[in-house]
Structure formats: C-alpha cells, structure tokens
Number of protein chains: 2
Amino acid sequence: MSGEEMPDLVVHNIGQLATASPDGEWNLQLSKDGYVIIDGEMIVEVGEGEPPAARDALDAGGRAVVPAFSDPHTHAVFGAWRAQEFDLRLRGADYKNILAGGGGILETVAATRAKSADELASSLHEHLDVMLSCGVLTCEVKSGYGLDREHELKMLEVVSRVDSEHPVELIPTFMGAHAVPPEWGDDADGFIREMVLPLMDEVAGRGLVEYADVFCEPGVFTADQSRTVLRAAREAGLQGRIHADEMEPSGGTQLAADMNCASADHLLAAPEEELRGLRDAGVTAVLLPGTAFMLQKPYAQARWMIDAGLTVALGTDFNPGSCPIIDIKLIMALGATQMSMTPAETLVAVTRNAARSLGRTDRGVIAPGFRGDLLVLEAPDYLHLVYRPGAPLVRQVIQGGRPIYERGVDVTYAYRTTGEEGER
Amino acid sequence: MSGEEMPDLVVHNIGQLATASPDGEWNLQLSKDGYVIIDGEMIVEVGEGEPPAARDALDAGGRAVVPAFSDPHTHAVFGAWRAQEFDLRLRGADYKNILAGGGGILETVAATRAKSADELASSLHEHLDVMLSCGVLTCEVKSGYGLDREHELKMLEVVSRVDSEHPVELIPTFMGAHAVPPEWGDDADGFIREMVLPLMDEVAGRGLVEYADVFCEPGVFTADQSRTVLRAAREAGLQGRIHADEMEPSGGTQLAADMNCASADHLLAAPEEELRGLRDAGVTAVLLPGTAFMLQKPYAQARWMIDAGLTVALGTDFNPGSCPIIDIKLIMALGATQMSMTPAETLVAVTRNAARSLGRTDRGVIAPGFRGDLLVLEAPDYLHLVYRPGAPLVRQVIQGGRPIYERGVDVTYAYRTTGEEGER
C-alpha cells in the first residue's frame, strides 16, 4: 500500500460496475452499489456496499463505471484529411480511378511526407484529445504513410514522442508494407526486399515498434509477399498483425493463423474455414465496422465468429481515407446495431479483448491485479454506450488510479431570453 | 444599424462559407476568404476579401462557417431512458410483445407521468446542452408521453418554460394522438373524441403549441382517425405534422398531402405515388434515418425523393425508444452514407429545409435578411460534418449575432509521463 496504511484512491457510489471477466468469457460481471480500491496504479480490491477508506475518494454519483477502452487498429498519424475524395466517392467515383489519378492513399502519403514532425505531432495530439474524451487510454498506431526510410522513421518518431507527451498510451506498429509507393512502380517484391525488410530490422532494433502489419489484399500485397513480411517481422522480434481479406479473399486470414499473428484485421470477406483456423491458432479477429459503414460494404460476420468461438475485438481503423470515425463508442454502436453483437460483447471487445490483442494483459478488466484504468459514464448503465450513439457519455477518465480527464463542465453560454450568463 | 454607425459584429477570416441558397435549390453557395456582418440579430452583409469594420469581431481562423441547424422532429421531453428494452430488442425480442407487457412507449408514458415538471425540465436542459454543442439552435419538441390532460399539459408547460430558459429555441407540437393509453383500452375513437380534441383546443387557445402531430400507422391510429385529428388541428389554428408510413403503408402520406401538412415524417414505407402527392402539395418530407439505423429497418428513399423534386429535411427523432440519437451531425452522416444523399444535400436538409418545415423562414441560410445564427466548425470544409461521424466539429455557436457557445476548450488533463498539468 505504497508504504502507507491506506490505499491511494477509492472510487465509490458506483451505480453499476460493468466489466469483462479476467478469463475469456463473453458475459459481463455486473454489480450494483460498488466500489473500486486503487493503490499505486493497480486495482487492489473491488466490492459492494460500504467501501474502506483511502487517501482520496472519487464519488461516481450512482453512475456506471467501466474499464477504459483500447483501440487496437488506427492510422492516426497522417498529413491531411481527404474530405473531397469522400464526397467524390459518395457521388459514385471509383476508388481505383481515384488512386490512378494520384489520390487515395497516395494523396495521404504525399501529404504525410510533406509535413514536419512537429506538424504531425500536433495533429496527433488533437486526435488523441478526442480519443481520450471518448474513453480510450491505449491506442495502437501504425506507420505506413511514409513508405520510405526517412518518412516512416519520421512517423514512428512522432508516435514515440507523442506517447511520452500525451496520457493516451500508444502502441506503435511498423506498416511499411501498407502500399507500394509511386517511385517503386509495380515492383512490390523489390520494395519489400530493399525498403520494408531492412527498415523493419532497423526500427525493431531501435525499439521503435512492437508489431509489424501488412496489407494482404489483391492489388496490394499477395499472401506470399505478406508471408515474407511477417516472417521477417518474427525474425526481428516483432509479432505480426495483418489487414486480411478486407475486400476480397486472398489467403490473408489463413496466413494470420499460420504465422500466429496477434491479430487479423477487417475480415469482411474472410472464408469461414479460414476463420476457424484463426480460432484454433488463438489469433484475435479485430473487426472495424466503421470502415464498412463509411464504404457501404457488408459488415464482417461478427455474430458467426463469436458463436464459432473466435476472440473478437473492435477498433476504429481511424484514418483519413476509408474511415475517419475516431469515436470507439460509435464503433461499439455499429457492432451492436449492424453486426448483431450484444452490447455486452461490444464492451468486452473494446476493453479486455482489444487490450490483449495489443499484448496488454494488465488492463481492460476491473479486478484486483489489473491497472486502475476506469471510466465514469454520464449514464446509469453501460448499455447507454451503444444505445445512445454519438452522445458524450464519458464523464471522467481515471488512468492508473489518477483522475486525468473530466468532460467539459465549463462550457459557457448565455441564455437567450434573460441575457444572463450561465455556467454549465 | 442599431442607431450607430457601425454594425454589431463581423465574423471574418472564414476559410469556407457554406450555405443553402435562399431559394429552393439543393446546390450550396460556397465562398472562400469570406466574412459575415450582423447587426442586431440579423445578417446585413456577406462578402469576400477585406471586411468592413464592426463593433465586435470574431476571427474564424480560416475555418468553415455554416448556418446553425434546426432539428424538425424530436420527442425530447421524457421521463426515463429505455436501455434495457434496446438490449432485449437486439437479442431478438419483438416490440409488440414488449408493448403487450407494458413496455415500449407505455413505459415512457408511465415514467413521464411519474416525473415532476422540474425533473422533466432538468433533463430537457441536459439534452438541449448536448444539442447546442452539436450546432442546433432551433428544435421541434412534441408532447405525447402524457396522453391525458394533466400530463400533456405538464409536458407542454415544461417546453414553454425551458424555451424561456435555454438558448435553443423550442417549437412545441401537440401530439396527444401518439398512442392510446392503457386506461382507454382499444377505444381509439373515444380517446380522440374525448381527450385529444378538447385538449387540442385548449393548448391551441393558450398558445402553448404551434403544430399538431398524429401517429398514423396500422395498430396505432388509422388514416381516418388521423384525418379527424388533423382537421380539428386546422380548426384550432394549428398546422399539421404526421408520423406517416413508418413501418407499413396505411395512407398517411396521402393524408399529409390532402391536409396540406407542414411535414410528413418517417416515410420508410411510403408508396411512390403518394410521395408525388406530397411534392405537389408542397409538404416537406422529414426523414429520420437514425430510427432506421437503430431498428435495422430499410432507410427512406431519400435519393428518389430528391430526384423526384420533393423538399426533404432531416431530423433526429430523438426519443428514448426507437432512436436515442441526439446528434444531428450523425443524422447527416447517415443521410450521406446510408441514403445516398450528397453531403451538400444533408446540409440543406438540416438548415434551410428543416427551418422552413417549422415555419422559420428567417433562418438556415447565410444571406442578408436572415438571422445571424452561425456555426464556426473545427474543420476547414463543411464536408467534415458527414465525413467524420461523431467528431466534435462545432467550435462556436453564434445566435442572432451573439457568440453563445464555445466548445470545451478548458478540459484539463495531467500528462502521463511528466506529471505536468496541461490546459487544453
């Protein structure tokens, strides 16, 4: 107890405490009139009724408390938005034609190369502020908009620097194999051999990344090329992640199982037999329904996957092209209303399961021995997270036992009729 | 110019000014490097380049400026959320069975009857705070969860009182014919004749409402019963609105045209020939895609309606049962990504068209002679409103020339590594 008699913090008067269990179950543990005791950064006790004393107390006011969220798949460092392209696509423009004209991901690569590290860090800070206000405390971030040594390193150094500056913990993934940049023409093999693999050794050696990812999709990288990348990752000491079968099946899901990846992501077009392989290999299926929503594609078969025994996590895929949705709560709502997940399953998917797919087994659960990373909701029940899409439901964020964020209680406005100034 | 030489306010350095035109066109008027001059509550000049001087200046910082939004369809006064029912429905429970067990709308009626006026006013204030933060300055609110004289009056008096307290302007609609309450059994005709019609005369006479609405749907009120309500509304000096063909076609759309309603709302199952009748009668189609999203129903045929020449507005349908979505920006995103509206059309639908369906022809357009109700977006382009669903894009709200809201710039958090306190 930090060398003192009393623990550091008690969060009490919790109307509903809702958490995934420490084991692999999908059912939530729900309790009423609860409390959580945190000492140092870790939870030491969870109970109901009268709480023991602690040095500090936080009154949840009868509200719901849930574990803080992890976002297991983002491309949150990028040089510019692509709103015009979104408008063109809604008007029927084809992505392949956009790409052929230097748009699409190539536009983001050009913009990201053009921006300084300071500019990229500043915009990453802004994104993380929004993520934090949505309850995220752990966030995977991929490189992959630099696509040459200089700019991939710039992206990863930005992630490392912002990780040390911002409360959201960043998990960096090397994704040199995100696309073949224009200067390599269609020489994907040469790009992998001469750029991706040497740079992967370098960034792994410098400790700049924890994972490596590859975009396995017809027209991007084949399953064979992806296997080359993931093998080299393993040799460099990195665990793999993979963009698999997002648009068309091409063996990516099978490859994730073969290579024992930490996660296989997207899976909109993944064949059922390959999904069973994921389950047997213990690979987490990271589903990204925001992308299907934004692109008007059929959603991944989340219901089938859960019923078949797969471990499923949900992420935003936050990026300036296919999915600019930054709010993980909105992703939970898509999971429930559009993919037939139960609200309880969506909570497990963005807490325990998302954290574990990132190797963070110390969070995503409210139980003794886990980190004191909690959210006090502006709601009496965790169900509101999916029942009220888009509502500002995160009232307070507690990180490692420290209250670090409180929702804009200090917005001011003037009342229309009386002219009196109001403090909200 | 308020008796002085200079106008009251100039909003300048507008990177993109995006507005519906004053006429009925769907195309936006877009300008760069713009300014808006407001004197008193009204816009007196809109231009590009160097702005004239004014007593106060607001620098938009190169951001986009759009008209403030109107939400033309809400049930924002209610006694309790229904999150548990939402969970049950996601697990496959049938709404008719829920209703038969006293749940569904009957649960909201019981909860609303049980709450005091102060309690209802307090929760309405909270909802309006969120709506304001989403850019809404004009909001229709229906009665219809009281369903007897005492509690319908209570609801409408709450709306009147909160309208005088909160900056969001409320447009009250009498919806005594929302459902038949339990004490009337299945005597819908008796309920209309003995409760709805006399109370409508009373609330119209007291000036408590501007519109009357009726739920025309198989199992609720027939087209004949709805006609009786709308005729009586007209005799009481109220214009009609109607919940028409939400689940199944039953003549509601045709009735809206026959009765020259201000709006026909929902229209998920409206036949095309009846929609043409709406167009010819000049009735606004108020579409509520949040409800289709939450209930997993097919969306209304927005693309067809716009191409056929109908006037289309978008609203939230904010209510505790079928659609708890409060963010009109999220509704715009649904319009664009799920109903094939262009982003420009969704902006027109929630500004000029929504305001006009509420009889507010003085707003929803940024042009001389319109109210100075503007939003400064945290984005360079109005497209972001639909391109980034769920993002907090409303930076400032200006109402009648007065800046009344600024987004939580003062949220504080502590940095994880350094322990330094940050001001954001």
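The shortest non-hydrogen separation linking B:Met294 to A:Val386 is CE-O, 4.1 Å. Looking at every heavy atom in both residues, B:Ala83 comes nearest to A:Leu383 through O-CD1, 3.7 Å. Contact between A:Thr337 and B:Gln296 at its shortest, heavy atoms only, is O-CG, 3.0 Å.
Of the atoms belonging to B:Leu90, it is side-chain heavy atoms, and not backbone ones, that fall under 4.5 Å from chain A. Contact annotation for A:Pro343: both backbone and side-chain heavy atoms come within less than 4.5 Å of a heavy atom of chain B. For A:Val397, no part lies near chain B; criterion is any non-hydrogen pair under 4.5 Å. Contacts of A:Pro380 with chain B are absent, with no heavy-atom separation under 4.5 Å from either backbone or side chain. Residue contact with chain B, scored on non-hydrogen atoms closer than 4.5 Å, involves the backbone and the side chain of A:Phe293 alike. When heavy atoms are compared at a cutoff of 4.5 Å, A:Arg388 approaches chain B by way of both its backbone and its side chain. Residue B:Arg89: no heavy atom, backbone or side chain, is found under 4.5 Å from chain A. Proximity to chain A is limited to the side chain of B:Gln338, based on heavy atoms less than 4.5 angstrom apart.
Rounding to the nearest 0.5 Å gives a distance of 5.0 Å between OH of B:Tyr382 and CG of A:Asp87.
Screening B:Asp327, B:Leu334, B:Ile326, B:Leu330 for a side chain to side chain contact (heavy atoms under 4.5 Å, CB included) involving A:Pro389 leaves a single residue, B:Leu330.
More than 12 heavy atoms of other residues, nucleotides or ligands shown are found within 6.0 angstrom of CD on A:Gln396.
A perpendicular orientation is assigned to the rings of B:Trp81 and A:Tyr387, their planes being inclined by more than 60° (bins at 30° and 60°).
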